[in-house]
Every structure is written in structure tokens, then in C-alpha cells.
Number of protein chains: 2
Amino acid sequence: MKPITRKEEIIRTAAKLFKDKGYSAVTMRDLATSMGIKASSLYNHINSKQDILKAIIISLAEEFTAGMKLIQSSNDSCMSKLKAIIELHVRISSENIYGMASLNNDWMHLEDQLEYYLKLRQGYEDDFLKIIENGKSNAEIKAANPEIIMFSMLTTLRSLYLWIPKKEDLNAKDLAINLSEVLIHGINK
Amino acid sequence: MKPITRKEEIIRTAAKLFKDKGYSAVTMRDLATSMGIKASSLYNHINSKQDILKAIIISLAEEFTAGMKLIQSSNDSCMSKLKAIIELHVRISSENIYGMASLNNDWMHLEDQLEYYLKLRQGYEDDFLKIIENGKSNAEIKAANPEIIMFSMLTTLRSLYLWIPKKEDLNAKDLAINLSEVLIHGINK
DNA sequence: GTCTATAACACGATAGAC
DNA sequence: GTCTATCGTGTTATAGAC
């Protein structure tokens with residue numbers, strides 16, 4: 001199978017540390033200590049601290065964009081698309097708890113790739129909003145402000161990485177179902 | 001009236017910078033430059049960088065706790081209490097856009113006061129959850145997982161500081177009304 | 001692949017002049 | 001209240017031995 005390279009191991013360990021303290025507060029010495037080696041040894045596997053951040057964030061951002069493009073191009077109803085978006089977030093977040101923290105909180109520390117990241121994120125939000133606006137036109141969705149709907153859904157989905165580890169008894173499928181119910185149908189009886 | 005002291009001016013400026021780059025990535029030199037003075041001059045008004053963070057976060061955390069205690073002690077229905085919580089977040093977030101960023105993202109960099117902050121936050125979440133569980137018992141709220149309901153509402157409310165500045169046309173009252181509709185009644189028609 | 005040693009610089013904070 | 005100068009330490013990253 002695919003062997004875990006030392007580089008991948010460093011990136012995973014870094015993601016864990018970034019989740020707790022943020023990119024800026026984690027030093028290469030912290031990372032090296034977590035790996036059980038000296039800081040200078042890290043540079044045989046990675047080029048810079050910045051490269052680690054890039055590897056964590058860009059791959060995740062591209063995964064979300066690819067998922068959204070797939071959902072967008074389907075012929076499903078608006079409601080089905082929204083449920084698919086929820087499943088997309090639950091799935092990627094479950095598989096990348098640590099990386100999601102960097103994606104949410106440390107993207108501003110990207111240097112070369114900041115512009116590219118912002119383009120991906122803006123595109124994602126544009127696509128999300130279009131789905132909601134279509135649902136409003138179709139009368140699938142109520143006449144509330146589409147931006148408030150997207151804001152509410154997206155911030156909940158973006159914070160999943162914080163809550164999934166606390167609720168390990170809830171599997172991805174059940175979480176997605178429960179979340180769809182709450183986000184789409186509300187909470188009142 | 002209350003004059004804005006130099007110390008308060010420094011804390012406000014710091015909060016703005018912390019929102020963009022996070023506590024760890026903002027240097028005292030950055031802060032001084034933003035104030036139009038030298039870094040050493042800051043220390044005539046504040047004791048340390050840490051004291052600035054403390055001033056921003058603890059006052060906000062205590063404001064939320066006080067608001068929650070007031071809501072909790074009322075005799076209103078669960079739904080009314082939830083609407084009051086939404087109004088609480090919209091109000092405090094509108095008045096402290098920059099500080100809310102630190103409250104959400106930089107609390108882990110508190111030193112002496114970290115434990116106290118965590119106690120306040122845990123208490124807030126416990127009170128929030130109790131209101132939802134009572135609503136479920138009263139059949140005001142549907143039989144969904146109360147923790148998922150709280151998670152969804154709270155993450156949306158905690159992210160308000162990011163969205164309020166983008167929607168300056170929407171006043172606090174309208175935002176709270178729209179948000180209540182979406183969070184409580186859902187989005188489907 | 002890891003080490004020791006170190007370069008080159010940035011950090012928070014202080015001392016003391018004005 | 002702000003300045004210049006500086007201390008002591010921490011930072012990313014490199015050089016070269018093993």
C-alpha cells in the first residue's frame with residue numbers, strides 16, 4: 001500500500017500542533033520535539049515552515065472545490081444539493097480533523113498561495129449561494145435572506161472539526177442526517 | 001463623558017490587528033507602528049502583550065456570561081430564551097467586531113486567565129444546552145439531538161463578527177430577526 | 001536521516017534621556 | 001509620553017560532520 005513518508009508524517013504532526021496553538025505560535029522546535037528529532041533535521045524533508053502550511057491548506061481547499069463542482073453539476077433538487085454539501089463537509093472534516101483547523105484559522109498566513117486560496121474560497125461561496133438562490137426561485141426554500149442562510153449553514157459546517165472529536169459515538173452518516181434535519185427543517189416542533 | 005484613554009486606544013488597535021493575523025503573529029512593533037509611536041512607548045500604558053489579550057477577552061467573556069444568566073433566570077419560554085440569546089450575540093458582536101475575533105481564536109494564548117476563561121465558556125455552553133433540553137421536554141423543540149442544535153446555533157452566533165461587517169446595510173434588529181427565523185424555523189418552505 | 005553549531009534576524013521588554 | 005539604545009532570548013534556516 002501507500003507507505004507514509006517522513007514528509008507526510010511531519011505534515012500530519014504539524015497539523016495537530018497548528019490545531020492547538022495556531023501556525024504562528026508553533027515553532028519548528030516544537031514540531032521537531034513532537035517528532036522526536038532536532039529542528040534542523042526537519043529540513044531534510046521539507047523546505048520551510050510555510051511549505052507545511054501550504055501542503056495542509058491547499059489540498060483541502062481543492063478537495064472542497066472539487067466536491068462542490070460535482071454537486072453543482074448534478075440535476076438534483078436544491079434540497080438534495082444542500083444535503084450533499086453537508087455530507088461533503090462531514091466527510092472531509094471527519095477525515096482531516098487537524099487540517100481543518102488550519103484551513104479555517106491559518107489561511108491568512110499563506111504567502112505565495114494566499115491569492116489562489118482566496119479565489120477557491122470565494123468560488124465555493126459563490127456556488128453555495130447560487131444553489132440557495134435557485135432554491136428560493138423554485139420555492140423550495142423560504143423567502144429568507146439567502147446570504148444569511150448560507151452564512152448560517154457554512155459557519156456551522158466549517159466548525160465541524162471542533163465538534164466531531166467530542167462526539168465520537170456519532171458516526172459520519174448519523175451526524176450528516178441530524179445536521180441536515182436541524183439546518184434545513186429548523187428546531188421547532 | 002468618558003474620555004478614551006491611551007491604554008484603551010492601544011487595546012482597540014491591538015484587537016484590530018489580532019483580528020487580521022491572530023495574537024501570536026502581531027508584534028509589539030506592529031502595534032506601535034499602527035499607533036504611530038515606537039514599541040517601547042507602549043509600555044508606559046500597558047504592562048505586557050499578554051495584558052492586552054486579557055483585557056480584550058475576559059471583559060467580553062464576562063459580558064456573555066452576565067447576559068446568559070439574565071436570560072436563564074427569566075420565566076420566558078424556551079423559544080423566547082433562544083431568541084434572546086441570538087439578540088445577545090448580535091448585540092455584543094456588533095459592538096465588538098474586533099474583540100470577538102480574539103475571543104474566538106486567541107483564547108488559547110491566555111496564560112494566567114486561561115482556566116478562568118474556560119470555566120466561563122463551559123458554564124455558558126452548559127446553560128445554553130439546558131435551555132434546549134428544557135425546550136425538548138416541553139415539546140417546544142423537536143426531538144433532535146440537543147447538542148447538535150446547540151453546536152449549530154452557537155457556531156453560527158460565534159462567527160457573526162465575520163459577517164456583520166460585510167452586511168452593513170443590515171441593522172442589528174433585522175439581523176437578529178432573520179437569524180432567528182433561519183435558526184429556529186429552518187430554511188425549507 | 002540525524003546530529004551539532006551557528007548565522008542572521010525578530011521578539012518582548014527595560015533603562016534612562018528629554 | 002515618547003524617544004534611542006540595548007538586553008536576553010527565541011526564531012527560521014543553513015553548513016557540514018557522521
Side-chain angles (χ1 to χ4, degrees), chain A residues 2-58 98 101-102 105-114, chain B residues 2-58 98 101-102 105-114:
Chain A
K2 199 170 70 176
I4 298 170
T5 69
R6 204 92 174 95
K7 180 173 178 175
E8 285 168 336
E9 208 180 336
I10 289 171
I11 291 169
R12 285 187 199 192
T13 306
K16 277 191 204 186
L17 298 180
F18 292 168
K19 175 170 184 277
D20 288 336
K21 302 205 298 176
Y23 174 76
S24 301
V26 174
T27 71
M28 296 303 273
R29 284 191 246 273
D30 292 336
L31 176 53
T33 302
S34 275
M35 295 284 300
I37 57 177
K38 296 288 173 181
S40 57
S41 305
L42 293 169
Y43 291 88
N44 265 287
H45 308 283
I46 52 100
N47 293 318
S48 65
K49 189 185 178 188
Q50 174 68 200
D51 272 5
I52 298 174
L53 186 68
K54 205 188 297 181
I56 295 170
I57 293 183
I58 298 299
Y98 303 117
S102 299
N105 305 319
D106 287 322
W107 56 265
M108 70 284 281
H109 299 117
L110 285 172
E111 293 165 12
D112 294 348
Q113 306 270 35
L114 177 59
Chain B
K2 196 171 67 175
I4 299 172
T5 68
R6 203 93 175 97
K7 180 173 179 174
E8 286 169 334
E9 208 180 336
I10 288 171
I11 291 169
R12 286 187 198 192
T13 307
K16 278 192 203 185
L17 299 181
F18 292 168
K19 175 169 184 275
D20 287 337
K21 302 205 296 174
Y23 174 75
S24 301
V26 173
T27 71
M28 295 303 275
R29 287 169 174 83
D30 291 336
L31 176 53
T33 303
S34 274
M35 294 285 300
I37 58 178
K38 296 289 173 183
S40 57
S41 305
L42 293 169
Y43 291 88
N44 266 287
H45 309 282
I46 51 102
N47 293 318
S48 65
K49 189 185 177 189
Q50 175 69 199
D51 273 3
I52 298 174
L53 187 68
K54 204 187 300 181
I56 295 170
I57 292 183
I58 298 299
Y98 302 118
S102 298
N105 305 319
D106 287 323
W107 57 266
M108 70 284 282
H109 299 118
L110 286 171
E111 292 165 12
D112 293 348
Q113 307 270 31
L114 178 59

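Per chain, numbering begins at 1; letters A, B, ... match sequence-line order.
Counting to the nearest Å, the C1' atom of dG12(C) and the CD atom of Gln50(B) are 12 Å from each other. For the pair Leu53(B) CG and dG12(C) C1', the computed distance is 15 Å after rounding to whole Å. Note: NE2 (His109(B)) to C1' (dG12(C)) measures 15 Å, nearest angstrom. Look at CG on Asp51(A): it is 16 Å from C1' on dT14(D), rounded to the nearest Å. Across the protein-nucleic acid pair, Glu111(B) atom CD and dA13(C) atom C1' stand 14 Å apart, rounded to whole Å. The nearest whole Å value for the distance from the CD atom in Glu8(B) to the P atom in dG1(D) is 13 Å.
Using a 4.5 Å heavy-atom cutoff, the side chains of Asp20(A) and Met108(B) are not in contact. Considering only heavy atoms from C-beta on, Gln50(B) comes within 4.5 Å of Leu110(B) through its side chain. Put simply, the side chain of Arg12(B) reaches to within 4.5 Å of the side chain of Ile4(B), judged on heavy atoms. Proximity of Ile52(A) to Leu31(A): side-chain heavy atoms (C-beta onward) are separated by under 4.5 Å at one or more points.
When distances are taken from the side chain of Met28(B) to each of dG1(D), dA13(D), dA13(C), the shortest belongs to dA13(C). Side-chain atoms of Lys49(B) lie closest to dA13(C) of the nucleotides dG1(C), dG1(D), dA13(C). Closest contact between the side chain of Thr27(B) and the listed nucleotides dG12(C), dA13(D), dT12(D) involves dG12(C). Distance from the side chain of His45(B) is smallest for dG1(D) among the nucleotides dC3(C), dA13(C), dG1(D).
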_Could you walk me through whether Asp30(A) and Lys21(A) satisfy the side-chain contact (heavy atoms from CB on, under 4.5 Å) test, starting with their C-alpha distance in whole Å, then the side-chain angles of each, then the deciding distance to 0.1 Å, before giving a yes or no?_
CA-CA 11 Å; Asp30(A) 292 336; Lys21(A) 302 205 298 176; 3.5 Å; yes
*Would Asn47(B) and Lys54(B) satisfy side-chain contact (heavy atoms from CB on, under 4.5 Å), going step by step from the backbone distance to the final call?*
CA-CA 11 Å; Asn47(B) 293 318; Lys54(B) 204 187 300 181; over 6 Å; no
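Judged by distance alone, the side chain of Lys49(B) and the main-chain N or O of Val26(B) form a donor-acceptor pair under 3.5 Å.
Of the residues in residues 11-20 of chain A, none lies under 4.0 Å from DNA chain C by heavy-atom distance. Within residues 30-38 of chain A, the residues approached by DNA chain C to less than 4.0 Å at the level of any non-hydrogen atom are Ile37(A), Lys38(A), in residue-number order.
For Arg29(B) and dG12(C), a side-chain-to-base donor-acceptor distance below 3.5 Å is present, hydrogens and geometry of angles not being considered.
Here Tyr43(A) reaches the OP1 or OP2 of dA13(D): one of its side-chain N or O atoms lies under 4.0 Å away.
Using a cut-off of 4.0 Å between Lys/Arg side-chain N and Asp/Glu carboxylate O, Glu9(A) and Arg6(A) are scored as salt-bridged.
Scanning all heavy atoms of the two residues, the minimum distance from Ala55(A) to Ile11(A) falls at CB-CD1, 3.7 Å.
Counting non-hydrogen atoms under 4.0 angstrom, Ser40(B) reaches a base of the nucleic acid.
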